[in-house]
Amino acid sequence: MGRPTTSSQENAPQDSLTVRDNRTGKVYTVPIADNAIPATAFKAMTAPRKTGEREENETERGLRVQDKGFLNTAVIRSEITYIDGDAGVLRYRGYPIEQLALHSSHLETAYLLIYGSLPTKDQFKFFESEVMRHSVMHSDAEGFFRSFRYDAHPMSMLTSAFAMLGSYYSEANPSLQGQRLYTKGDAASLATMDRQIYRLIGKATTLAAMAYRVRQGRNFVTPPTGLSYTGSFLYQMDHLGEENYTPNPVLERALDVLFLIHADHELNASCTTVLQTGSSLVDPYSAIAAGCASLYGPLHGGANEAVIRMLISIGSPQNVPAFLQAVKKKEKTLSGFGHRVYKTSDPRSFIVRKTADEVFRVTGKDALLETAMALHDAAMKDEYFVSRKLAPNVDFWYVRGLIYRAMGFPLDFFPVLFAVPRVVGWLAHWRQMILQEGGVKIWRPRQVYVGPSKRDYVPVEERSPVEGVKQTPSRVEHGGITKRTMLATFKGKSKL
C-alpha cells in the first residue's frame with residue numbers, strides 16, 4: 001500500500017489511485033477496494049521537514065488524513081445497513097425499510113439485523129421467547145430506580161441503568177473472564193454473547209418502563225406473559241391493576257413500526273460511540289450505556305423533542321412566516337429539516353406519515369399538527385430552504401413527536417423511545433465488530449496537534465496573567481447554603 005511507482009506503468013484502468021506528492025516529486029499507488037482506500041497508505045508519503053516547520057507536524061512520519069466529524073471516513077466493513085442519502089434509500093441487510101415496515105415486526109427485524117437473515121417460524125419463536133424471558137429485572141433494580149429524584153430525566157435513568165446491568169453479570173465481563181470472552185467465536189463464546197443480546201433487548205423496555213413509572217410516582221410492573229414486545233412495554237408503563245389489561249392494538253402496532261424503522265441507521269453518532277467503546281473489549285452493557293449517553297444529545301436522539309419544542313414556541317400557523325424570517329436571520333433554529341445523510345427525502349418519513357394517520361384516527365389529531373404542516377408547506381415553497389436541501393426529515397414528517405404526544409408520552413420521554421429500539425442496531429454492529437475477521441483493533445484516532453511547541457516551566461512568581469474569553473475559568477453565581485457559607489466565618493475557611 002502506498003508504494004512509490006513510476007510513470008512508465010500502463011495507462012489501462014486499474015483499481016488504484018495514483019498520488020503525486022508535490023513536496024518530493026514521488027508518485028504513489030494506493031489500492032482501491034469497494035470504492036475505498038486505506039488511510040494507512042498515506043503514512044508512506046513522507047517528506048523532509050521544511051526549515052522552520054513545527055516538529056509536531058511529524059512530516060517525516062507520513063501524511064495524516066484529517067476528517068473533522070467523520071464526513072468521509074469509513075472505519076469498518078459492514079454487512080448490516082445500507083443508506084443512499086441522495087436517493088432516499090434505507091435497507092436492512094438488503095431489505096428495503098418500506099417492505100419491512102409493512103410485513104415484518106420489530107423483533108423479527110432485530111433477528112435480521114443481528115444474525116443476517118429473516119428467521120423461519122421456529123427460529124423466530126425461539127428468539128422471541130428468549131428475549132421476552134430475559135425481560136424480568138432483579139428486584140434490586142427497584143431500589144436503584146428509587147434512588148433517582150422524582151424529576152430526573154428518563155434518559156439519565158436509562159443510561160445509568162444499562163451500566164448498572166453489567167454489575168449483575170460477571171460472567172459477561174471480559175475484564176473479569178479474559179479479553180477473548182467474545183472474540184473466540186466458538187460455540188461457548190457465541191452462546192455467552194447471545195445471552196447478553198437477549199438480556200439487553202429484553203430488559204431495554206423494562207428499564208425504560210421503570211424510568212417512566214418513577215416519573216409517574218407509580219409502583220413498578222413485572223413484564224407480563226403472552227404479549228408482544230411493544231405490547232409488554234405499554235403494559236409495564238400503563239397497567240394500574242386492571243383485570244385482563246390489554247394495550248390498544250393500534251397503538252401497539254404503531255409503536256412496533258416506529259421501533260422497527262429506528263432499530264438501526266448505520267454508523268450514526270451513538271452507534272459509533274458503542275463501537276468506539278466496545279473496541280476496548282469492555283462488556284456490552286457498558287458499551288450500550290455509552291451509546292445511550294450519545295443518543296441523549298440534542299443533535300441526535302433529542303432531535304424530535306426539539307421539533308416539538310419548536311412547534312410549541314411557534315404556536316399557531318399564523319406565526320409561521322415570522323418564524324421562518326427569524327430562521328433566515330439566524331435568530332431562530334429550524335429543527336426537523338435537513339439531514340447529515342439524506343439530501344432528498346428520508347424513506348422512513350413516509351412510513352411515519354402513514355403510522356401517524358392510523359394513530360390519529362384513534363387518539364385524535366394533535367393541535368400542533370396544523371402548525372407543523374403550515375411550516376412544512378411554507379418552507380418547501382421558499383427558495384432559501386429548497387436551495388439548501390433542507391427537506392423535512394423523519395423527525396418532522398407528520399412529526400414523529402406528534403405521534404408520541406398523541407399516544408400520551410411526555411416530551412422528555414421521546415429520546416427513550418428512540419434508544420429502546422436502537423439497542424438492536426447497536427448490538428448488531430457490536431457483534432459484527434467483535435466477530436470480524438482479523439480480530440478487534442482498539443479505535444484510536446489521530447489528531448493534528450496545533451498547540452504550543454515545547455516550552456519551559458515558569459515559576460508562579462514570574463508568570464504574567466493570561467486573560468480573555470475561553471482562556472480563564474468562568475466565575476459562577478452561588479446561592480443558598482454556599483452563598484451564606486462564603487459570607488460566614490469558621491475555622492479553616494482560608495483553605496477553601
Side-chain angles (χ1 to χ4, degrees), residues 80 92-93 100 104-139 141 158 161-162 164-174 177 181-210 220-236 247 252 255-256 259-260 262-264 274 278 283-289 291-292 419-435:
I80 298 172
Y92 291 169
R93 299 282 189 174
L100 292 171
S104 188
S105 67
H106 176 61
L107 278 190
E108 184 183 68
T109 299
Y111 186 107
L112 169 68
L113 285 167
I114 296 169
Y115 300 106
S117 61
L118 288 170
T120 64
K121 186 176 181 179
D122 288 342
Q123 288 173 327
F124 177 70
K125 182 179 179 181
F126 169 79
F127 178 71
E128 181 183 39
S129 66
E130 287 296 335
V131 168
M132 302 306 290
R133 184 178 291 117
H134 284 86
S135 62
V136 179
M137 283 298 302
H138 192 286
S139 60
L158 185 63
F162 279 128
M164 174 269 295
L165 270 184
S167 67
Y168 284 95
Y169 309 116
S170 60
E171 77 279 6
N173 193 334
Q177 305 299 330
L181 177 63
Y182 297 114
T183 60
K184 287 184 289 187
D186 58 18
S189 177
L190 291 173
T192 300
M193 175 182 286
D194 284 339
R195 183 183 292 273
Q196 313 326 310
I197 290 172
Y198 305 149
R199 283 171 171 164
L200 278 159
I201 298 175
K203 296 182 192 305
T205 51
T206 306
L207 297 176
M210 294 180 80
F220 302 124
V221 176
T222 301
T225 58
L227 294 181
S228 70
Y229 187 72
T230 51
S232 173
F233 185 32
L234 289 169
Y235 181 98
Q236 291 177 71
E252 179 181 352
L255 194 59
D256 192 77
F259 275 17
L260 184 156
H262 293 101
D264 189 50
V274 169
D283 67 272
Y285 301 95
S286 298
I288 295 301
C292 197
V420 168
R422 189 54 61 87
V423 168
V424 167
W426 293 338
L427 288 171
H429 287 275
W430 171 77
R431 181 180 186 272
Q432 176 181 251
M433 179 184 71
I434 294 296
L435 298 178

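Atom set for the values below is all heavy atoms of this structure, side chains included, hydrogens, waters and symmetry mates excluded.
Side chain of Gln177 to backbone of Ala172: no donor-acceptor contact under 3.5 angstrom is found. The closest donor-acceptor contact from the side chain of Thr206 to the backbone of Val136 lies at 3.5 Å or more, if one exists at all. Judged by distance alone, with hydrogens and angles left aside, the side-chain atoms of Tyr235 form no donor-acceptor pair with the main-chain N or O of Val221 at under 3.5 Å. Between the side chain of Ser189 and the backbone N or O of Asp186 there is no donor-acceptor pair closer than 3.5 Å.
Taking every heavy atom of both residues into account, Val274 and Ala287 meet most closely at CG2-O, 3.5 Å. Ser104 and Thr109 make their closest contact through OG-OG1, 3.1 Å (heavy atoms, listed as atom of the first residue, atom of the second, distance). Nearest approach of Tyr92 to Leu260, heavy atoms of both residues: OH-O, 3.0 Å. Between Ser232 and Met132 the shortest heavy-atom distance is CB-CE, 3.8 Å. Closest approach of Met164 and Ala141 over heavy atoms only: CE-CB, 4.4 Å. The nearest pair of heavy atoms linking Leu113 to Val424 is CD1-CG1, 3.8 Å.
How far CD of Gln236 is from OG1 of Thr222: 8.0 Å, rounded to the nearest 0.5 Å. Rounded to the nearest 0.5 angstrom, His134 NE2 and Gln196 CD are separated by 8.0 Å. Annotation: the span from Leu112 atom CG to Leu118 atom CG amounts to 5.0 Å, rounded to 0.5 Å. Distance check: Ile201 CD1 to Leu107 CG gives 7.0 Å after rounding to the nearest 0.5 Å. In this structure, CG on Asp283 lies 11.0 Å from OG on Ser170, to the nearest 0.5 angstrom. Annotation: the span from Met433 atom CE to Thr183 atom OG1 amounts to 10.5 Å, rounded to 0.5 Å.
For the pair Glu108 and Pro119, the minimum side-chain heavy-atom distance is below 4.5 Å. The shortest side-chain heavy-atom distance between Leu435 and Leu190 falls under the 4.5 Å cut-off. At least one side-chain heavy atom of Leu165 sits less than 4.5 Å from a side-chain heavy atom of Leu207.
For His106, the ring-ring contact (aromatic ring centres under 6.0 Å, His included) test picks out Tyr229, Phe259, with sequence neighbours left out. Partners of Trp430 under the ring-ring contact (aromatic ring centres under 6.0 Å, His included) rule, at least two apart in sequence or in another chain, are Tyr182. In this structure Arg431 satisfies the salt bridge (charged side-chain N to carboxylate O under 4.0 Å, His left out) test with no other residue, sequence neighbours excluded. With sequence neighbours excluded, the residues forming a salt bridge (charged side-chain N to carboxylate O under 4.0 Å, His left out) with Asp256 are Arg253, listed by chain and number.
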For this session: Apply side chain to side chain contact (heavy atoms under 4.5 Å, CB included) to the pair Leu227 and Phe233, showing each step before the final yes or no.
Result: CA-CA 9 Å; Leu227 294 181; Phe233 185 32; over 6 Å; no
For this session: Would you sort out whether His429 and Asp264 count as a side chain to side chain contact (heavy atoms under 4.5 Å, CB included), showing the intermediate values?
Result: CA-CA 9 Å; His429 287 275; Asp264 189 50; 3.1 Å; yes
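Taking the six-membered ring where tryptophan is involved, the planes of Tyr115 and Phe127 are perpendicular, since the angle between them exceeds 60° and thus also 30°.
For residues 116-127, no residue pair satisfies the salt bridge (charged side-chain N to carboxylate O under 4.0 Å, His left out) rule, not counting sequence neighbours. Listed by first and then second residue, the salt bridge (charged side-chain N to carboxylate O under 4.0 Å, His left out) pairs involving residues 127-138 are Glu130-Arg133 (not counting sequence neighbours).
The ring pair (Phe, Tyr, Trp, His ring centres under 6.0 Å) test with Tyr285 singles out one residue from Tyr168, Trp426, Tyr169, and that residue is Tyr169.
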